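A quick note: this is a predicted structure, and the numbers were derived from the prediction, not measured.
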Amino acid sequence: MVVADPAAPIRLVAGLGNPGREYSATRHNAGFWFADALASKLGAAFKGEAKFQGHVARATGELRLLKPATFMNLSGRSVGAAARFFGVTPDEILVVHDELDLLPGEAKMKFGGGIAGHNGLRDIAGQLGTKEFWRLRLGIGHPRDSAIPQQDVADYVLAPPAADDGKAIEAAIDRALEAWPAIEGGEFERAMLLLHTKKERS
């Protein structure tokens with residue numbers, strides 16, 4: 001059994017979302033938004049890989065970026081296949097996903113812990129056989145705090161964010177990109193400090 005090392009450098013970043021144009025602007029695709037932004041920052045390009053059931057981009061060194069094409073509930077099939085093929089251990093994986101329990105504009109990291117009803121995380125934990133992997137949680141807010149508090153959670157995550165919320169999520173992704181060198185190098189305390197410090201809007 002491999003013992004997880006929470007300070008190990010990240011070798012696989014899996015941004016979660018649903019494939020298809022109809023889902024591209026929805027809250028549930030925040031993980032895809034980050035993956036695309038990181039690929040752009042690193043000069044990497046995604047291409048479809050059938051054996052990983054997703055799109056993969058090779059970045060610097062041994063780093064791979066992954067966008068599963070399995071739909072959210074089966075994300076683990078893609079993440080598990082990539083992890084096995086590249087010999088990546090769970091503690092070297094960063095899963096980026098939307099988070100209902102954080103407000104738009106908030107971004108937080110954690111290692112392991114629960115899955116808070118997130119089906120993508122549940123499937124990844126099942127495929128990896130552990131919950132001990134890194135998560136970058138991008139806040140999208142909860143419908144109870146929205147203009148339509150009675151809205152079903154599934155309908156909420158599969159709808160685009162309001163304009164102000166969308167800008168806030170983009171700002172959180174920008175902070176995560178600024179923290180990326182620390183994240184990649186396993187300097188997670190420094191990364192979390194950068195992530196959790198919001199810049200005042202000018």
Side-chain angles (χ1 to χ4, degrees), residues 2 4 10-39 44-59 63-102 107-140 142 152-161 169 172-173 176 180 183-184:
V2 177
I10 295 298
R11 294 176 56 210
L12 177 64
V13 176
L16 304 191
N18 287 310
R21 185 175 300 174
E22 65 270 35
Y23 296 107
S24 63
T26 65
R27 295 177 177 94
H28 223 16
N29 274 38
F32 275 10
W33 301 345
F34 175 81
D36 286 335
L38 181 59
F46 283 101
K47 67 176 183 177
E49 293 279 3
K51 62 178 171 287
F52 304 133
Q53 299 183 59
H55 293 81
V56 177
R58 180 168 185 173
L63 177 67
R64 263 80 174 187
L65 314 181
L66 172 69
K67 295 194 298 182
T70 55
F71 286 94
M72 182 67 78
N73 292 1
L74 299 176
S75 298
R77 293 184 181 182
S78 179
V79 175
R84 288 188 293 271
F85 184 86
F86 295 118
V88 176
T89 55
D91 50 297
E92 297 172 321
I93 297 173
L94 174 68
V95 176
V96 188
H97 64 92
D98 58 303
E99 177 59 69
L100 286 163
D101 292 332
L102 297 178
K108 294 188 176 181
M109 282 188 67
K110 71 174 184 177
F111 182 74
I115 56 175
H118 195 291
N119 290 329
L121 292 179
R122 178 180 291 111
D123 196 56
I124 291 170
Q127 290 286 333
L128 296 178
T130 180
K131 298 176 183 176
E132 301 297 294
F133 51 86
W134 281 98
R135 302 98 181 273
L136 172 56
R137 305 154 64 210
L138 300 173
I140 60 169
H142 196 283
D152 183 76
V153 166
D155 292 335
Y156 178 80
V157 300
L158 292 177
I169 295 168
I173 289 173
W180 170 250
I183 295 171
E184 182 183 21

* Those residues that, when tested against Trp33, pass side-chain hydrogen bond (donor to acceptor under 3.5 Å, both in side chains) (two or more places apart) ->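 With neighbours one apart ignored, the set is empty.
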
* Considering residues at least two apart in sequence or located in another chain, which fulfil the side-chain hydrogen bond (donor to acceptor under 3.5 Å, both in side chains) criterion with Arg135? ->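 With neighbours one apart ignored, the set is empty.
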
Distance (rounded to the nearest 0.5 Å) between [X] [atom1] and [Y] [atom2]:
X	Y	atom1	atom2	result
Phe34	Leu65	CZ	CG	8.5 Å
Leu128	Ile93	CG	CD1	4.5 Å
Arg64	Arg58	CZ	CZ	4.0 Å
Thr26	Asp155	OG1	CG	12.0 Å
Lys108	Leu136	NZ	CG	12.5 Å
Asp91	Phe133	CG	CZ	12.0 Å

Donor-acceptor check, side chain of [X] to backbone of [Y], threshold 3.5 angstrom: yes or no?
X	Y	result
Glu99	Asp101	yes
Ser78	Phe52	yes
Asn29	Asn18	yes

* Check the surroundings of atom NZ in Lys47: do more than 12 heavy atoms from other residues, nucleotides or ligands lie under 6.0 Å from it? =>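 No.
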
* **Greater than 12 external heavy atoms within 6.0 Å of Arg122's CZ** =>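 Counting other residues, nucleotides and ligands, CZ of Arg122 exceeds 12 neighbours.
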
* List for me each residue that meets salt bridge (Lys or Arg N to Asp or Glu O under 4.0 Å) alongside Glu184, sequence neighbours excluded, and say none if there are none. =>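 Salt bridge (Lys or Arg N to Asp or Glu O under 4.0 Å) list for Glu184, sorted by chain: empty.
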
* **Sequence-distant partners of Arg27, salt bridge (Lys or Arg N to Asp or Glu O under 4.0 Å), two or more places apart** =>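 Not a single residue meets the salt bridge (Lys or Arg N to Asp or Glu O under 4.0 Å) criterion with Arg27.
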
* Between Asp36 and Lys67, is there a side-chain N and carboxylate O pair less than 4.0 Å apart? -> yes

* Non-neighbouring partners of Gln127 that pass side-chain contact (heavy atoms from CB on, under 4.5 Å), sequence neighbours left out ->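 Partners of Gln127 under the side-chain contact (heavy atoms from CB on, under 4.5 Å) test: Arg77, Arg84, Asp123.
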
Counting C-beta onward and ignoring hydrogens, is there a side-chain heavy-atom pair between [X] and [Y] closer than 4.5 Å?
X	Y	result
Leu16	Met72	yes
Tyr23	His28	no
Val13	Leu66	no

* Taking all atoms of both residues into account, what is the closest heavy-atom pair of Ile173 and Ala37, and its distance? -> CG2-CB, 4.0 Å

* If you look at every heavy atom in Ala172 and Ala107, which pair is closest and at what distance? -> CB-CB, 4.0 Å

* Asked: Is the Phe32-Phe46 ring centre distance short of 6.0 angstrom?
  ->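 No - the distance between ring centres of Phe32 and Phe46 does not fall below the 6.0 Å cut-off.
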
* **Evaluation steps, side chain to side chain contact (heavy atoms under 4.5 Å, CB included), between His142 and Val153** => CA-CA 8 Å; His142 196 283; Val153 166; 4.1 Å; yes

* To do: Kindly state each residue pair satisfying side-chain hydrogen bond (donor to acceptor under 3.5 Å, both in side chains) with at least one member in residues 109-118, sequence neighbours excluded.
  =>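 Listed by first then second residue: Asp98-His118.
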
* To do: Run through Val56, Val95, Val88 and flag the one making a side chain to side chain contact (heavy atoms under 4.5 Å, CB included) with Leu12.
  => Val88

* Honestly, is Arg11 close enough over Phe86, meaning NZ or CZ under 6.0 Å from the six-membered ring centre and within 45° of the axis? -> no

* To do: Could you check His97 against Leu138 for side chain to side chain contact (heavy atoms under 4.5 Å, CB included), going step by step and ending with a plain yes or no?
  => CA-CA 6 Å; His97 64 92; Leu138 300 173; over 6 Å; no

